[in-house]
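What follows is a short report on a single structure.
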Amino acid sequence: MKQDDQILDDIRETNMSYLMLAQNLIRQDKVNALFRLGVSEQTADLIASLSPAQLMKVASLNTLLCRFRMDDSNVWNLLTQSNLGKSASTQTARLHANILMAGNFKEAM
């Protein structure tokens, strides 16, 4: 039971960190935040408008608010390739992964 409580505490802490980061990103550069967070403009506006009390309330949920955007095995393969010996190859693989994730973001909108 204690382990379950720790997991729930970790989820709540992660949610709060994620919401605070999201608010900062949205307030600094909304267009960039939409891409980086993978959320719609409407969701971004809602997150940006949350008060500290509302942030705490939402963060206290027992479900993670953020999720992996890399549902594609191609993206995972590009990001985890260990046989990339050259930094240029690594950068190209990351760029390709970002392009694939951007396509997924556009489809979600």
Side-chain angles (χ1 to χ4, degrees):
M1 189 70 164
K2 189 172 184 174
Q3 185 178 5
D4 290 341
D5 291 339
Q6 181 61 48
I7 289 172
L8 289 176
D9 287 344
D10 291 344
I11 288 172
R12 290 180 188 115
E13 184 177 336
T14 301
N15 284 344
M16 185 58 127
S17 295
Y18 175 74
L19 287 170
M20 290 171 54
L21 173 65
Q23 271 193 337
N24 286 333
L25 287 172
I26 294 163
R27 290 174 179 166
Q28 289 178 12
D29 183 352
K30 187 175 178 181
V31 173
N32 194 15
L34 295 177
F35 169 72
R36 290 188 185 276
L37 297 170
V39 298
S40 68
E41 188 169 353
Q42 181 181 8
T43 299
D45 290 340
L46 178 72
I47 292 170
S49 71
L50 292 175
S51 69
Q54 290 171 317
L55 275 179
M56 289 179 63
K57 185 176 182 179
V58 174
S60 69
L61 297 171
N62 63 0
T63 303
L64 279 171
L65 298 175
C66 56
R67 67 175 182 89
F68 283 106
R69 292 176 52 200
M70 300 172 287
D71 294 339
D72 185 340
S73 63
N74 290 327
V75 174
W76 279 106
N77 287 336
L78 288 167
L79 295 174
T80 60
Q81 286 180 354
S82 60
N83 61 350
L84 297 176
K86 300 178 182 177
S87 66
S89 295
T90 301
Q91 290 174 348
T92 302
R94 287 183 179 166
L95 177 61
H96 188 197
N98 280 329
I99 291 168
L100 290 173
M101 286 188 290
N104 291 341
F105 169 68
K106 187 175 181 181
E107 290 173 11
M109 301 298 285

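Every heavy atom of this structure was used, including side-chain atoms; hydrogens, water molecules and symmetry mates were not.
Under a hydrophobic clustering in which Ile, Leu, Val, Met, Phe, Trp and Tyr are joined whenever their side-chain heavy atoms come within less than 4.5 Å, directly or via other members, L46 and L55 fall into different clusters. Placement of L21 and M56 within a single hydrophobic cluster is found when ILVMFWY residues are connected by side-chain heavy-atom separations under 4.5 Å, directly or transitively. Transitive grouping of hydrophobic side chains (ILVMFWY, heavy atoms separated by less than 4.5 Å) keeps V58 and L64 in distinct clusters. Cluster membership check: I47 shares its hydrophobic cluster with L61, using side-chain heavy-atom separations under 4.5 Å among Ile, Leu, Val, Met, Phe, Trp and Tyr.
Judged by distance alone, the side chain of N15 and the main-chain N or O of L65 form a donor-acceptor pair under 3.5 Å.
The two residues S60 and K57 come nearest to each other via the heavy atoms OG-O, 2.7 Å. Between I11 and T63, the closest heavy-atom pair is CG2-C, 3.8 Å. Taking all atoms of both residues into account, the shortest heavy-atom contact from S40 to L34 is O-CD2, 3.6 Å.
Checked against salt bridge (Lys or Arg N to Asp or Glu O under 4.0 Å), R12 has the following partners two or more places apart in sequence or in another chain: D9.
For Q54, the CD atom counts as densely surrounded, since its 6.0 Å shell holds more than 12 non-hydrogen atoms of other residues, nucleotides or ligands.
A distance of 9.0 Å separates CG of L19 from CD1 of I26, quoted to the nearest 0.5 Å. Distance check: D45 CG to Q42 CD gives 8.0 Å after rounding to the nearest 0.5 Å.
The side-chain heavy atoms of D10 and Q6, taken from C-beta on, include a pair separated by under 4.5 Å.
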Next item on the list: Give the intermediate values and the outcome of side-chain contact (heavy atoms from CB on, under 4.5 Å) for residues L37 and T43.
Entry: CA-CA 10 Å; L37 297 170; T43 299; over 6 Å; no
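The stretch residues 20-29 participates, sequence neighbours left out, in no side chain to side chain donor-acceptor pair (under 3.5 Å) pair at all.
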